[in-house]
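These notes are about the structure you will find just below.
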Amino acid sequence: MPQLQTTNHKLQTIEKKEIVMSGIRPTGFLHLGNYFGAIRNYVKMQDEYECFFMVADLHSLTTHPDTKLLKANVHRVLAENIACGLDPDKVALYCQSHVYETAELYLYLNMLAYKGELEKTATFKEKIRLQPDNANAGLLTYPVLQTADILLHRAKYVPVGKDQEQHLEMARNFANRFNHRYGDVFPEPVAFNYSNNLVKVPSLDGEGKMSKSENQLATLYLADDDDLIRKKVMKAKTDSGPTENNSVKPEYIDNIFLLMSLVSSSDITKKYEDDYNSCNIRYGDLKKQLAEDMIKFISPIRKKVNRILEDEKYLQKVLLQGAEKARKSSEATIKIVRQAMGLNYF
Ligand code: TRP
């Protein structure tokens, strides 16, 4: 929406970009599924939108109260995202705990969130099942904290996967409840992705998609070295091959072709498609080719991640720069929030 602003008595039209916000949990290494399902989307958005990408270190306390590895994990997530093309000069790339306004908005929103709806949240139920001895209140109010992250920048678009849809619906409810009670402050945040760009990267064992928690040997991480990539790809499930021309591929074979289409050139993929359709396919060759192309794709990223991780000064600069941008936007919002709530005494 074009906006009018006066600078030096001159009227200037400034294109104000729409606001995108998302959070990344600093737990575990990023894998190919994260790359094609999320990061590639972020990278595409950074030129078109005003983007806030946040490492959710506070959220991680709900499941990982031991903070010994926290800083290293935050650094890794930053390095991995930057190595994949996220540009800290274009976006606000920051750490949740550096934005103190988060805690304040979280507190206000907690008064608008009901015990019943929080207890019904699927991720809450799943997490207390996994850690019955630590069913803490932070887990219960996890969606409230996530809402604070989003609303602090009055973001409209939130690029997230399917697993976060319920949290976003709750964020919309909390935003609307706030607006209803205290006045129109927040836009309704909606999930947003470039629809045809979201690839579900299948796991190498032919079942489900690549995931941090499930079969690690069936998931390709951006940190895997060349030999490990080879080993994982060569272990992918195949069979003795088709016996009739142009037969339908079983899912585990289809998955291998899908992976190939992500990292190999189209003529290579086509060659193997043709081999399959004419029953001349040699799965050993197919997997060797896939492994080498996968290495060509992953190893430059891995090397870049390692270079960034060695440069602590650079990482600190990134964090500081991100915190400044995120705080500027949060401070502006929290002022409006206090005003709207009548918490302005002076
Ligand atoms: N809950 C999100 C996840 O599990 C991470 C997250 C935290 C987030 N704050 C957010 C996502 C704000 C989108 C917007 O992946």
Side-chain angles (χ1 to χ4, degrees), residues 18-31 33-35 37-39 41-42 45-46 49-64 70 73-74 76-78 80-81 86 91-106 109-110 113 118 121-128 130-131 136 138-175 186-193 198 200 209-213 322-323 325-326 329-330 333:
E18 287 182 301
I19 301 172
V20 161
M21 191 279 151
S22 197
I24 313 153
R25 267 175 307 163
T27 44
F29 291 69
L30 295 187
H31 52 69
N34 300 127
Y35 179 84
I39 307 179
N41 247 308
Y42 298 167
M45 285 173 195
Q46 65 186 350
Y49 298 91
E50 184 180 350
C51 294
F52 294 87
F53 293 124
M54 178 200 85
V55 183
D57 61 341
L58 299 176
H59 273 114
S60 77
L61 299 176
T62 61
T63 48
H64 297 70
L70 185 58
N73 288 340
V74 169
R76 168 155 291 277
V77 168
L78 286 174
E80 287 183 324
N81 277 278
L86 216 62
V91 305
L93 183 59
Y94 65 101
C95 194
Q96 190 177 29
S97 64
H98 296 166
V99 180
Y100 311 132
E101 291 77 14
T102 309
E104 185 174 339
L105 186 56
Y106 172 52
L109 293 172
N110 267 323
L118 295 171
T121 315
T123 49
F124 173 69
K125 290 199 276 193
E126 172 65 6
K127 282 174 188 164
I128 57 169
L130 292 172
Q131 52 179 65
N136 61 76
L139 264 187
L140 183 67
T141 56
Y142 184 113
V144 185
L145 182 53
Q146 180 163 347
T147 304
D149 298 331
I150 300 167
L151 298 188
L152 265 182
H153 305 295
R154 281 168 285 161
K156 187 166 163 192
Y157 296 124
V158 188
V160 284
K162 268 223 159 326
D163 64 320
Q164 294 295 309
E165 259 163 27
Q166 193 180 23
H167 289 173
L168 264 196
E169 192 186 324
M170 296 172 84
R172 280 193 289 280
N173 287 337
F174 300 146
F186 300 118
E188 257 192 24
V190 293
F192 166 70
N193 291 296
L198 267 202
K200 281 212 177 76
K209 45 181 194 155
M210 287 194 184
S211 113
K212 278 184 195 168
S213 42
K325 290 188 214 169
S329 143
S330 307
T333 302

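From a predicted model like this one, the values you see are computed outputs, not experimental measurements. Order of listing sets the numbers, starting from 1, for every ligand and every atom in it.
Scanning the protein heavy atoms around atom 9 (N) of ligand 1, the nearest turns out to be D149 OD2, 2.7 Å. Nearest non-hydrogen protein atom to atom 4 (O) of ligand 1 is R25 NE, 2.8 Å. Counting only heavy atoms of the protein, atom 2 (C) of ligand 1 lies nearest to Q164 OE1, 3.3 Å. The nearest heavy-atom contact from the protein to atom 13 (C) of ligand 1 is G23 N, 3.4 Å.
For the pair Q96 (side chain) and L58 (backbone), a donor-acceptor distance under 3.5 Å is present. The closest donor-acceptor contact from the side chain of Q131 to the backbone of T62 lies under 3.5 Å. A donor-acceptor contact shorter than 3.5 Å links the side chain of E80 to the backbone of L30. The main-chain N or O of H31 is found under 3.5 Å from a side-chain atom of N34 such that the two form a donor-acceptor pair.
Short contacts between ligand 1 and V160, defined as distances under 4.0 Å to a heavy atom of the residue, involve ligand atoms 11 (C), 13 (C). Interface atoms of ligand 1 facing H59, defined by a heavy-atom separation under 4.0 Å, are 7 (C), 9 (N). In summary, the atoms of ligand 1 found under 4.0 Å from a heavy atom of I150, numbered by their order in the structure, are 12 (C), 14 (C). Using a 4.0 Å cut-off to heavy atoms of M21, the atoms of ligand 1 that qualify are 12 (C), 14 (C).
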Quiz item: Given L118 and V144, is the side-chain contact (heavy atoms from CB on, under 4.5 Å) satisfied, shown in steps?
Solution: CA-CA 9 Å; L118 295 171; V144 185; 3.9 Å; yes

Practice problem: Verify side-chain contact (heavy atoms from CB on, under 4.5 Å) between Y157 and V190, making sure each step is shown before the conclusion. | Solution: CA-CA 5 Å; Y157 296 124; V190 293; 3.7 Å; yes

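Taking the six-membered ring where the residue is Trp, H153 and F52 present parallel rings, their angle staying beneath 30° rather than reaching 60°. Using bins of under 30°, 30° to 60° and over 60° for the plane-to-plane angle, the ring pair F192/Y49 lands in the perpendicular bin.
Comment: R172 does not engage E169 in a salt bridge, judged by the lack of any side-chain N to carboxylate O separation of less than 4.0 angstrom.
For ligand 1, one of its N or O atoms has an N or O atom of Q146 under 3.5 Å away. Annotation: H167 places no N or O atom under 3.5 Å from an N or O atom of ligand 1; distance criterion only. Of the polar atoms of Q96, none of the N or O atoms is found under 3.5 Å from an N or O of ligand 1, judged by distance alone.
Contact annotation: for V158 versus ligand 1, heavy atoms closer than 4.0 Å belong to the side chain alone. No part of L145 comes within 4.0 Å of ligand 1, judged by heavy-atom distances.
A heavy-atom separation below 4.0 Å is found between M54 and ligand 1.
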